[in-house]
A.B. asks: 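If you scroll down you'll find the structure; I have some questions about it.
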Amino acid sequence: MNLVTVFSYNEGMILKMRASLERHDGNVKIRINEELIDPISFRSFWPQAHTVNNFANSGVRLMSLFPTGVNCSLKVPYSQFGEIWVGDEQYQFENLRQQVDMFIENAPDAYFSLMIHLDTRDWFLEQNPDCADTFTHLAQSATYDKWRTSAARFMCDTIDYIDENYPEKLYGIFLLAGNTCEWFTRNDNGDYNASKEKAYQQWYNDDSRALPTYEELHHTSWGILRHPHSDKSALDYWHYHNHVVADTIAYFAQIAKTHTSNTRLVGLFYGYLMECTDINQSTWSFRQIINNDDIDILFTPASYMFRKLESTSAFMVPIDSISLHEKLYFHEIDNTTHLVSDNKYAQALQAYAHVKMDNLEQTVMYSKREAALAASKGMGHWWFDMFSGWFDDHELMQEIQKIHEATSHLYRKKMQSASQVAVFVDQESYYFPVSSANLGEAIIKKQTEELNRAGFPWDNYLMDDITHSRMPHDQYHFYIFLNLLAPKPEHLEEIKRLKALGKSMLFIYTAGLITEQGFSVEAMCELIGMNVEELDYSQTVEFKAHVPFGAYSDEKHGTIYGFDRPIKPMFHVRDEQAEPIGSYEKSGKTALAAKRSAHRFDAWSGLGPVPHHVLRQLAREAGVFIYSDAGEPVYVNRNMVGYYCHAGGQRTLHMPQDCKLHELYSGETINTVGRQANLSFAKDEMKLFEIVDS
């Protein structure tokens, strides 16, 4: 389904604003008319004049408007300026004017993105009782034509109002809808109505197609896995559940681009494949979104899983696919700061997603870590003063300005990837495991932190991009496939080609098991390069493995890793040519192995997350340069290296060449000796170095 409504631009309107993306030496910048601006921004649900002024004075030029009357998930209004969309083609633009005037008065040099809230309003639902609330049930109402048309008109009229009254200010249109404005949707699990079934039938062009029952939706054919034919009704529905949202995004993006004559950047929250591994969230049409030329920018919050000071920070998205498709990413730094721990909204956030910071130093070091993560990929970030007060402190704003200056300095340098490891997630394979198995938690979410502790930078792609014409295969030595349960024929051909070129590979869990014909252990063995067979659960139930002390684990008693519950099917290696690395705890059968040839190897783990000790040693054997052996995060590209140390103390940083390291916050310069630098860290200290040739 792809309905397009065309709204003409206001007669006599002169377009004075033109915004575009420009790539410079590995990083992405925003060109607004003749000005090139770093992708560093500020947003807030409840922006205050003094906060806007503080960020403007610290050098931030990009800010966001958010006119809406909808309540957020905490049951308080998103905006304190009031609603502007009060009826079909009826607006209270005075509320928008007050917001824009406040920003302009306090940040006169700023450019704005319009966060346009497209969700149904109460008045619309009263007039259209057969339409569900899109904020909670987006997939159910995504094809509702009256909502699409009315919301698109609201978007275009709001753009016109800003352009007419504030020309040369609006650089971007950010599309917000669905739960928490992030295009999420509730899974109805059998809570269907006639309009939803009709929309489902229209989607598949089949008037006789019935929505699957709850039992069909959650049925599996082999342990936790759906069969491509036996469970097709569920697979079809879950594809619809995700693709109908992506189609709706495409609808609004095309109108935004057409209406502004392609002079504005279009962005949205989307693509949480590394974080939201639950099938219900409707974020699994990432391929459709990054291939859409009407979409320029994607953004997500910083990963909720890895915010603790003892953790590593992470992206929610396959970040390098965004770069490969020449789009911009904004990393949202939104965690509560030490200033708001007595704020009831901050406390509510800390109960499930945010991490409590105890003092200024913790807030600053966490913020430096997130900014370094984004900078290492040449991408942008924004500071999110969610319910105001997050940054209301002179000392903190001084530190924010230092982060801004350090990041802007790096954006003027060459920031191309230095990664020799490519990590892939497969969009199609997300559909086959039942959500209750929690498989994605282990092999994707938790695997991220182990990768971050392995001591090397890694690039993260969508599996379909392995055949992309711009994929830089020449720079990668080691390929890791996190969830390649159901590879496409073209994936298999490309992997075969890369193996022939000498690339080493690690496959996790049942890689290759699901084919177009059905389940095939033979196909799995062919892909992973070694023979495996299913574990006999009648003998013992396994979901943990042990890697003994040695080259693959420097832990005194070895390393235990695995799933948090038993799942089926599970496999073990039965191949005399494969070297055992780890074994199942109870049976002692091989759970982790490598099979080597003259110039490369295949490795396979029957469960996850694979420990960082193992990843580091396998990468080293594949020819990957290791920057640190300490199990702490490094943030690296060709011109920068960041290092975060939670415990504090002396650390050794290895470099691939003789160089000088200029620390951007302290001004200290360190000379490497024998291609290594000896560094001293306080507890929870983040250091950010520019790499300078000797």
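Quick caveat, the model's predicted, so the values are computed rather than measured.
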A.B. asks: Please name the pair of heavy atoms, one in Leu615 and one in Phe456, separated by the smallest distance, quoted to 0.1 Å.
C.D. replies: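 Looking at all heavy atoms of both residues, the closest pair is O-CE2, 3.8 Å.
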A.B. asks: Quick test of your reading of the model: are Arg43 and Glu332 salt-bridged, counting only N-O distances below 4.0 Å?
C.D. replies: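 Judged by the 4.0 Å cut-off on N to carboxylate O distance, Arg43 and Glu332 do form a salt bridge.
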A.B. asks: Taking C-beta and beyond as the side chain, do Val547 and Leu592 meet within less than 4.5 Å on heavy atoms?
C.D. replies: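 With C-beta onward as the side chain, the pair touches.
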A.B. asks: List the steps, then state whether ring-ring contact (aromatic ring centres under 6.0 Å, His included) holds for Tyr430 with Trp284.
C.D. replies: CA-CA 8 Å; Tyr430 279 82; Trp284 291 358; 4.8 Å; yes
A.B. asks: Have Ser605 and Tyr561 got a donor and an acceptor in their side chains that come within less than 3.5 Å?
C.D. replies: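 Judged by distance alone, the side chains do pair up.
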A.B. asks: Do Asp684 and Tyr644 have a side chain donor and acceptor closer than 3.5 Å?
C.D. replies: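 Short answer, yes.
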A.B. asks: Quick one: list whatever passes salt bridge (charged side-chain N to carboxylate O under 4.0 Å, His left out) with Asp554, sequence neighbours left out.
C.D. replies: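 Asp554: no salt bridge (charged side-chain N to carboxylate O under 4.0 Å, His left out) contacts found.
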A.B. asks: Do you know which two heavy atoms are closest between Glu450 and Val610, and how far apart they sit?
C.D. replies: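 Nearest pair, atom of Glu450 first, then Val610: CB-O, 3.3 Å.
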A.B. asks: Pairing donors with acceptors under 3.5 angstrom, does anything connect the side chains of Thr467 and Glu494?
C.D. replies: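 Per modelled atom types, Thr467 and Glu494 side chains form no pair under 3.5 Å.
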A.B. asks: If we ignore angles and hydrogens, is there a donor and acceptor under 3.5 Å between the side chains of His381 and Glu370?
C.D. replies: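 Short answer, no.
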A.B. asks: Taking all non-hydrogen atoms of both residues, which atom of Met524 and which atom of Thr510 are closest, and how far apart?
C.D. replies: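 Met524 and Thr510 have their closest heavy atoms at CE-CA, 3.8 Å.
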A.B. asks: Give a yes or no answer on whether the side chain of Thr363 reaches the backbone of His338 with a donor-acceptor pair at less than 3.5 Å.
C.D. replies: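 Indeed, once roles are kept as given, a pair shorter than 3.5 Å links the two residues.
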A.B. asks: Tell me yes or no: between the side chains of Glu493 and His491, is some donor less than 3.5 Å from an acceptor?
C.D. replies: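 Result is no, nothing qualifies.
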A.B. asks: Can you name the side-chain hydrogen bond (donor to acceptor under 3.5 Å, both in side chains) partners of Ser469, sequence neighbours left out?
C.D. replies: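 Scan of Ser469 (side-chain hydrogen bond (donor to acceptor under 3.5 Å, both in side chains), adjacent residues dropped) gives none.
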A.B. asks: How about Ser321 and Asp465: does a side-chain donor come under 3.5 Å of a side-chain acceptor?
C.D. replies: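 Yes, a side-chain donor-acceptor pair sits under 3.5 Å.
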A.B. asks: Can any side-chain N or O of Lys445 pair as donor or acceptor with the backbone N or O of Met274 at less than 3.5 Å?
C.D. replies: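 Between the backbone of Met274 and the side chain of Lys445 there is no qualifying donor-acceptor contact (under 3.5 Å).
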A.B. asks: Return each pair, listed once, that meets salt bridge (Lys or Arg N to Asp or Glu O under 4.0 Å) where at least one residue sits in residues 624-635; pairs must be two or more places apart or across chains.
C.D. replies: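 Checked against salt bridge (Lys or Arg N to Asp or Glu O under 4.0 Å) - neighbours excluded - the pairs reaching residues 624-635 are Arg620-Asp629, Glu632-Arg651.
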A.B. asks: Should the pair Glu449-Arg453 be classified as a salt bridge under the 4.0 Å nitrogen-to-oxygen rule?
C.D. replies: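 Answer for the salt bridge query: yes.
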A.B. asks: For residues Glu182 and Thr180, is any side-chain donor paired with an opposing acceptor at under 3.5 Å?
C.D. replies: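 Yes, because at least one side-chain N or O of Glu182 sits under 3.5 Å from a partner of the opposite role on Thr180.
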A.B. asks: For a salt bridge (Lys or Arg N to Asp or Glu O under 4.0 Å) check, start with the C-alpha distance between Glu685 and Lys368, then their side-chain angles and the critical distance, and finish with the verdict.
C.D. replies: CA-CA 9 Å; Glu685 185 173 9; Lys368 286 180 177 180; over 6 Å; no
A.B. asks: What residues, two or more places apart in sequence or in another chain, satisfy side-chain hydrogen bond (donor to acceptor under 3.5 Å, both in side chains) together with Arg23?
C.D. replies: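 Scan of Arg23 (side-chain hydrogen bond (donor to acceptor under 3.5 Å, both in side chains), adjacent residues dropped) gives Ser323.
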A.B. asks: Report, as yes or no, whether the 6.0 Å neighbourhood of atom NZ on Lys496 holds more than 12 heavy atoms from other residues, nucleotides or ligands.
C.D. replies: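 Counting other residues, nucleotides and ligands, NZ of Lys496 stays at 12 neighbours or fewer.
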A.B. asks: Go through Lys660 and Glu690 one step at a time and tell me if the salt bridge (Lys or Arg N to Asp or Glu O under 4.0 Å) criterion holds.
C.D. replies: CA-CA 8 Å; Lys660 294 180 180 179; Glu690 178 186 2; over 6 Å; no
A.B. asks: Can you run down the ring-ring contact (aromatic ring centres under 6.0 Å, His included) pairs that involve residues 306-328, sequence neighbours left out, and say none if there aren't any?
C.D. replies: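 Sorted result for residues 306-328: Phe315-Tyr329, Phe315-His331, His325-His468.
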A.B. asks: Under a 4.5 Å cut-off applied to non-hydrogen side-chain atoms, are Lys446 and Glu441 in contact?
C.D. replies: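 Lys446 reaches Glu441 side chain to side chain.
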A.B. asks: Begin from the C-alpha positions of Lys595 and Glu579 and carry the test salt bridge (Lys or Arg N to Asp or Glu O under 4.0 Å) through to its verdict.
C.D. replies: CA-CA 6 Å; Lys595 189 172 180 178; Glu579 176 194 345; over 6 Å; no
A.B. asks: Decide whether Trp458 and Asn452 meet the rule of one side-chain donor and one side-chain acceptor closer than 3.5 Å.
C.D. replies: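 Yes, because at least one side-chain N or O of Trp458 sits under 3.5 Å from a partner of the opposite role on Asn452.
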A.B. asks: Sequence neighbours excluded, which residues qualify as side-chain hydrogen bond (donor to acceptor under 3.5 Å, both in side chains) partners of Ser113?
C.D. replies: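 If we apply the side-chain hydrogen bond (donor to acceptor under 3.5 Å, both in side chains) test to Ser113, skipping adjacent residues, the hits are Ser64.
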A.B. asks: Mind running ring-ring contact (aromatic ring centres under 6.0 Å, His included) on Tyr627 and Phe625 for me, showing each step along the way?
C.D. replies: CA-CA 6 Å; Tyr627 289 79; Phe625 184 84; 4.9 Å; yes
A.B. asks: Could you tell me which non-hydrogen atom of Pro301 sits nearest to which non-hydrogen atom of Met316, and how far apart they are?
C.D. replies: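 In terms of heavy atoms, the two residues are closest at O-CG, 3.6 Å.
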A.B. asks: Please say which of Tyr461, Phe507, Trp604, Tyr509 ends up in a ring-ring contact (aromatic ring centres under 6.0 Å, His included) with Phe481.
C.D. replies: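 Only one of Tyr461, Phe507, Trp604, Tyr509 forms a ring-ring contact (aromatic ring centres under 6.0 Å, His included) with Phe481, namely Phe507.
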A.B. asks: For the residue pair Leu265 and Asp296, what are the closest heavy atoms and their distance?
C.D. replies: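 Looking at all heavy atoms of both residues, the shortest contact is CA-OD2, 3.3 Å.
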A.B. asks: How many angstroms lie between atom CD of Gln475 and atom CZ of Arg638, to the nearest 0.5 angstrom?
C.D. replies: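 That separation rounds to 6.0 Å.
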A.B. asks: Working note: Glu555 + His557, criterion side chain to side chain donor-acceptor pair (under 3.5 Å); need CA distance, chi angles, decisive distance, verdict.
C.D. replies: CA-CA 6 Å; Glu555 299 290 335; His557 300 291; over 6 Å; no
A.B. asks: Output every pair passing salt bridge (Lys or Arg N to Asp or Glu O under 4.0 Å) with a member in residues 597-618, not counting sequence neighbours, ordered by first then second residue.
C.D. replies: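 For residues 597-618: Lys499-Asp602, Arg600-Asp602.
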A.B. asks: Sub-3.5 Å donor-acceptor pair from the side chain of Arg31 to the main-chain atoms of Leu36, do we have one?
C.D. replies: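 No: the side chain of Arg31 does not pair with the backbone of Leu36.
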A.B. asks: Tell me if the centroids of the rings in Phe174 and Phe299 come within less than 6.0 Å of each other.
C.D. replies: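 Yes - the distance between ring centres of Phe174 and Phe299 falls below the 6.0 Å cut-off.
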A.B. asks: Run the ring-ring contact (aromatic ring centres under 6.0 Å, His included) check on His473 and Tyr479 step by step: do they pass?
C.D. replies: CA-CA 10 Å; His473 286 300; Tyr479 289 70; 5.8 Å; yes
A.B. asks: Given ring-ring contact (aromatic ring centres under 6.0 Å, His included), test Phe42 with Trp383 step by step and report yes or no.
C.D. replies: CA-CA 5 Å; Phe42 166 79; Trp383 305 99; 9.7 Å; no
A.B. asks: Enumerate the residue pairs fulfilling salt bridge (Lys or Arg N to Asp or Glu O under 4.0 Å) with a member in residues 396-408, sequence neighbours excluded, ordered by first and then second residue.
C.D. replies: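 Checked against salt bridge (Lys or Arg N to Asp or Glu O under 4.0 Å) - neighbours excluded - the pairs reaching residues 396-408 are Glu399-Lys402.
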A.B. asks: Output all residues satisfying side-chain hydrogen bond (donor to acceptor under 3.5 Å, both in side chains) with Asp25, sequence neighbours left out; order by chain, then residue number.
C.D. replies: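 Not a single residue meets the side-chain hydrogen bond (donor to acceptor under 3.5 Å, both in side chains) criterion with Asp25.
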A.B. asks: Verify the distance criterion only: is there a donor paired with an acceptor across the side chains of Ser680 and Gln650 at less than 3.5 Å?
C.D. replies: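 Distance-only check passes for Ser680 and Gln650.
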A.B. asks: Could you note down all residue pairs passing ring-ring contact (aromatic ring centres under 6.0 Å, His included) where residues 655-692 supplies at least one of them, sequence neighbours left out?
C.D. replies: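 For residues 655-692, and leaving out neighbouring residues, the ring-ring contact (aromatic ring centres under 6.0 Å, His included) pairs sorted by first residue read Tyr643-Phe681.
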A.B. asks: Sequence neighbours left out, what passes salt bridge (charged side-chain N to carboxylate O under 4.0 Å, His left out) with Lys377? Give chain and number order.
C.D. replies: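 Partners of Lys377 by the salt bridge (charged side-chain N to carboxylate O under 4.0 Å, His left out) criterion, ordered by chain and then number, come out as Asp320, Asp459.
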A.B. asks: Is the backbone N or O of Ile444 less than 3.5 Å from a side-chain atom of Thr448, with the two atoms forming a donor-acceptor pair by type?
C.D. replies: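 Pair found, side chain donor or acceptor close to backbone of Ile444.
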A.B. asks: Apply salt bridge (Lys or Arg N to Asp or Glu O under 4.0 Å) to residues Lys29 and Asp38 and explain how you reach the verdict.
C.D. replies: CA-CA 5 Å; Lys29 296 196 178 188; Asp38 294 330; 3.1 Å; yes
A.B. asks: Looking at Leu410 and Asn27, what are the two nearest heavy atoms and their distance?
C.D. replies: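 Result for this residue pair: O-ND2, 4.3 Å.
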A.B. asks: Taking only residues two or more places apart in sequence, or in another chain, which ones meet Asp464 in a salt bridge (charged side-chain N to carboxylate O under 4.0 Å, His left out)?
C.D. replies: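 Applying salt bridge (charged side-chain N to carboxylate O under 4.0 Å, His left out) to Asp464 gives Arg287, Lys488.
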